[in-house]
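Single-structure report; data block below.
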There are 6 protein chains.
Amino acid sequence: MRPSKRQPDELRRVSIERAVSLHAEGSCFIKFGNTHVLCTASLEERVPPWLKGQQRGWVTAEYAMLPRATSERTRREVTRGSPSGRTQEIQRLIGRALRAVVDLPKLGERQITVDCDVIQADGGTRTAAITGAWVALHDCIQWMRLREMVKDGVLRDQVAAISCGLYNGHAVLDLDYAEDSNADADANFVMTGSGGLVEVQGTAETVPFSQDSFDNLMALAKKGIGELVQLQKLTVA
Amino acid sequence: MRPSKRQPDELRRVSIERAVSLHAEGSCFIKFGNTHVLCTASLEERVPPWLKGQQRGWVTAEYAMLPRATSERTRREVTRGSPSGRTQEIQRLIGRALRAVVDLPKLGERQITVDCDVIQADGGTRTAAITGAWVALHDCIQWMRLREMVKDGVLRDQVAAISCGLYNGHAVLDLDYAEDSNADADANFVMTGSGGLVEVQGTAETVPFSQDSFDNLMALAKKGIGELVQLQKLTVA
Amino acid sequence: MRPSKRQPDELRRVSIERAVSLHAEGSCFIKFGNTHVLCTASLEERVPPWLKGQQRGWVTAEYAMLPRATSERTRREVTRGSPSGRTQEIQRLIGRALRAVVDLPKLGERQITVDCDVIQADGGTRTAAITGAWVALHDCIQWMRLREMVKDGVLRDQVAAISCGLYNGHAVLDLDYAEDSNADADANFVMTGSGGLVEVQGTAETVPFSQDSFDNLMALAKKGIGELVQLQKLTVA
Amino acid sequence: MRPSKRQPDELRRVSIERAVSLHAEGSCFIKFGNTHVLCTASLEERVPPWLKGQQRGWVTAEYAMLPRATSERTRREVTRGSPSGRTQEIQRLIGRALRAVVDLPKLGERQITVDCDVIQADGGTRTAAITGAWVALHDCIQWMRLREMVKDGVLRDQVAAISCGLYNGHAVLDLDYAEDSNADADANFVMTGSGGLVEVQGTAETVPFSQDSFDNLMALAKKGIGELVQLQKLTVA
Amino acid sequence: MRPSKRQPDELRRVSIERAVSLHAEGSCFIKFGNTHVLCTASLEERVPPWLKGQQRGWVTAEYAMLPRATSERTRREVTRGSPSGRTQEIQRLIGRALRAVVDLPKLGERQITVDCDVIQADGGTRTAAITGAWVALHDCIQWMRLREMVKDGVLRDQVAAISCGLYNGHAVLDLDYAEDSNADADANFVMTGSGGLVEVQGTAETVPFSQDSFDNLMALAKKGIGELVQLQKLTVA
Amino acid sequence: MRPSKRQPDELRRVSIERAVSLHAEGSCFIKFGNTHVLCTASLEERVPPWLKGQQRGWVTAEYAMLPRATSERTRREVTRGSPSGRTQEIQRLIGRALRAVVDLPKLGERQITVDCDVIQADGGTRTAAITGAWVALHDCIQWMRLREMVKDGVLRDQVAAISCGLYNGHAVLDLDYAEDSNADADANFVMTGSGGLVEVQGTAETVPFSQDSFDNLMALAKKGIGELVQLQKLTVA
């Protein structure tokens, strides 16, 4: 019934390749099926102006898509002069998700910027970005740990994300573009390795949905994020 | 326990004043306690370029705050050259909420823009904006109905919104600024008059929250939105 | 003969409501008939970079209109990226008018920003803004005086403004939009409480005007500003 | 008493050189003492979008200063992204002054843009610009007349401008930079060849001024503009 | 003598992988050693406004670097609002290089945009971009040829590029970052498959260079581009 | 054969007038036939942020055209918000050319900005700008020398530039607009007084060119620049 023939609770094939960047302190290339995102974590010995002198660090994220990541070429945001509302929403979301699992005072007065650049898009770019961003962040913090710049405990937990939606009346996990563009409702869930909720965002695309439907989506998300968290664990082991 | 002495499930004093603008086709001034938002609905006989010739209309929203709506003066966004990420997130949210209850083909090739300008802010500006925007939109559509520009049924339902949060370990309804800036988690819910979910956005501010907590927030939201929907009904009666 | 049936030397109904903002150090809501402007004065313990270390303060103003303050909706300036020429002209005018009556060295190294936001427009928004801005500024300085941040004498005089114009060949006071858009010439006058001229701006809209006509406009302005100054005095008494 | 030893009612040495541009339909290089402005009039066979189909033309102006026209180098406005408030005020003023003497319907659906570029500045750039712009506009219209694109009567009158000010307590004509930066008040007057007022802009820089003072400034302006109008006449003869 | 131990006339290891994008009509991933560029060619059935109705097509290029392509993270250009001078220079260069080998009238009224996104940078990004862009363009035109949208002969020749420089007094081929940042002079050459010069850009970084030195650089470039052209041929065979 | 009847190796009539600005530390007005450029050198006692504390100065250039320098009026770059790619390319080129002959450490922690404003354009504006910029720079450094701000040797050599091109199959020197817009190839050469190459930029406009053709262009350039260097020498003598 799904265009991809997947089971309702079946993720796309997910892979994470670590240490793909010559320059970045942490990096990975994550694939959720045909959605491919390059995540790099960059360490800087400075914090944003509003954090100066507070003896804590900061973790932030930026998100962008290459122009031909999409099926039609998308105009570069630099040519319109500022990031779109969608881009800003997503990069704020990724940043909040990562900060939820970092002990910022233990990071010291430093900033880690995780760049999530979508090389190819087929739905679910923000959830792939969050899941990969955690790996890049982990490796950046490990890089610091090896240089004794930080002690243990900076990274308190894992964090990963998945989308779910109502498609043809059924709750399904990890929507690809074909499903996403025809879903009645879709929701993104961000959860920690220990199962806590970090972000929940659900939107009715056509008609309002019931609380029952929403509960079904959350159940799928728990299952999917559980699998992603396992893969992260294997990746950084 | 709440700074405002309210019960956990108690809204702030809410009032809606209709027809406050000399020029707009629909308008209201809505107060959620000290949060005051002016909502005006403007009708234009054109649609965005990408909708041309499709025989359906469009409803969109813009959101802004006066510089001294906040306790410290905020720089005008025009002086930085583009709306902030927060502003764009909110105006996209309001637009989606309104479109969820409008039959766009019945509107004809026209656009209604609902401007939500925060005159004074004390938490919950986006939920007050959505709740008031519906009233302005209703009156704009009624203005069209009186001129026989549209038939019945353009507006399919009511829509209203409220925030909930975990404050000092308890689930509370309709956070004001004092609560919002110290909440462990907060969530915004947008629901229709008939109780369907349109948008759910929950964020853990400090530590991840459990699904049980989230269910408590949703229960509070249902109660609060029920009351807002009643007030809307009385206002436009 | 005037669309509003007013006498040539008759102001619209003017009212000023003080202390309308929860947050601002000084504020008022001023109405010149259907022209409504919210004025808030915000105190900041800093001066612009070019004034640093000079032991004097600064007073500046910003001006904006809500999108549907006008009879047709006006696009927000933030969406075009910078304030229009008209907006900049007006906010520079308001700032100069206020600085003409403030003893800047006595203010200390502080800045007061007066925001004039037009909630509804029906002609004469800049003159209403100046007249109201003085009240907000007065209350902000009184707020400082009460906290012994400044001594007496910061505010040296009152300042108010009115427009005049040639309409159907006659000089008339306080043009509303219907008159303004059909006037042969219009002029804005800014004067102090003691009758000194601060700004004079006259423009021929269709045909050049004579010095005699100009003298008539100035005589009307003196009368009108005299009345506004009285109202200001009563308001802050 | 004046830094330049001029009499109170004495203009600086003024010269106008016509036809200085290889490309422009009309042009002149005007000097008010050390203030030098290049004025070019460019004809285009189109009108702004809001004038389309109304069978009338448009005259507009743009104004800019070269970065080192001033005694300290001024940053180019293109590097800050938009024209400053001052630039916009001046170019709007020049445009209004020119349109006051043009019969726009007789121009046909065409636009003339007069660019006023300040090559060197020593006070009074806007008045030199207006006075020179008229010459460039005249020659552009003559160029059209020779090609039988328009009939007689497009240009109804001359227009010229001068500044006056209160300097050391005396009313003086045509302020240079040394006077302008120390004046108690300054005013710009725009008048037609037949003596009608087009624009009057007076500003108190330090203390408010009296109506008598203002009348003195206007008398000086009349004399000065009379001389400029004579020079324009000789130039285009 | 070279940091990389390469011979003076030795290219880095170059590889080109074709058809790497799910969506683009033509694409490749090209590596010049540690410099990695993703090139995608996007076909659109429209031309720029200034080309409309002229029965010829257009080929253009855009160039960007991911923020952590460089050894220190570089701020995204979208956050500064417009492409830097360097970016614009490079994308204009790539566009000219490609257009030199395309028969634009045979393309029909269509535009091909080749996006060159630097995934990792180690010197020579613009020359890798040009060399890869030709492969992406070739495959896009082949895609059109298979659909009978164009006839043969649209692509007249190959085009490739390489940098050369004076490093420690010797002429060397294909500078990497370590050489580039210490070169006395560097030059970029763009040549066709048949050996014609398309672009020559040489710059003295420290001291001016002689014509002899320049001739040496050109000889190296010919050799290097000859090898690149062979690799392109094998790639698209 | 050339539209201007010049010999293939004949420059346009070149003139340089020194000290044309009241305010600038160095300035000249240079004419290459109908191409007229005003060059001013401005001294500032500061360096760009990235050079602070390095005990060396900086020389940079800015380039712009007046709107009606061209045969059709060109829109001001300030109204599009940022300098065009072409403008940025040219001002970077001028800056590099000047820095090639300046001993930056001997300049001290100061910046000289050379503004090159094209008053009238007829091809070759960038080469006229470089040639004139050197004169303005020379005079600025002499101004500093007279005030004992620097010692001898800041300016190590002269620098000048010329364009050459293939026009109707022949190599010609110093292209004017009529030639430039029809050339098969054009190249700009920047050389020092002692004959060293600073920049070489050649572009095939229609078909690739051979190395022989390129050598012909370089020979012409050497001759032309030799003459320009002589004229500079006479000018500053």
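Predicted model, so just to flag it, every value in this text is computed and none were measured. Order of the sequence lines fixes the chain letters, A, B, ..., with proteins taken first and strands second; residue numbering starts at 1 for each chain.
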Atom group of D:Q88 that falls short of 4.5 Å from chain F, counting heavy atoms
neither

Has D:E148 got more than 12 heavy atoms of other residues, nucleotides or ligands less than 6.0 Å from its CD?
no

Does any heavy atom of chain F fall under 4.5 Å from the side chain of D:T70, the backbone, both, or neither of them?
backbone

In terms of heavy-atom proximity below 4.5 Å to chain F, should D:S21 be classed as side chain, backbone, both, or neither?
both

Please name the pair of heavy atoms, one in F:L11 and one in F:G224, separated by the smallest distance, quoted to 0.1 Å.
CD1-O, 3.9 Å

Pick from D:T113, D:L43, D:T87: which one has the most heavy-atom pairs with chain F under 4.5 Å?
D:T113

Contacting moiety of D:E77, where chain F heavy atoms sit under 4.5 Å
both

Smallest separation among heavy atoms of D:I130 and D:A97, with atom names
CG2-CB, 4.1 Å

Quick check for you: among F:N34, F:T40, F:D117, which has the greatest number of heavy-atom pairs under 4.5 Å with chain D?
F:D117

Can you confirm whether D:Q55 is buried at CD, in the sense that more than 12 heavy atoms of other residues, nucleotides or ligands lie under 6.0 Å from that atom?
no

Heavy-atom check, side chain of F:E179 versus side chain of F:R6, under 4.5 Å
yes

To the closest 0.5 Å, what do you measure between CG (D:N188) and CG (D:L93)?
7.0 Å

Find the one option among F:S71, F:P83, F:A64, F:S27 whose heavy-atom pairs under 4.5 Å with chain D are most numerous.
F:S71

Residue from D:R68, D:E62, D:H36 scoring the most non-hydrogen pairs under 4.5 Å with chain F is D:R68

Within 45° cone of D:W58 ring axis and under 6.0 Å: D:R56 NZ or CZ
no

Residue D:L66 versus chain F: region with a heavy atom under 4.5 Å:
side chain

Salt bridge (charged side-chain N to carboxylate O under 4.0 Å, His left out) assessment of D:D139 paired with D:R18
CA-CA 9 Å; D:D139 285 4; D:R18 254 171 119 186; 2.8 Å; yes

Report which part of D:D115 has an atom under 4.5 Å of a heavy atom belonging to chain F: side chain, backbone, both, or neither.
both

What part of D:E72 gets within 4.5 angstrom of chain F, counting heavy atoms only: side chain, backbone, both, or neither?
neither

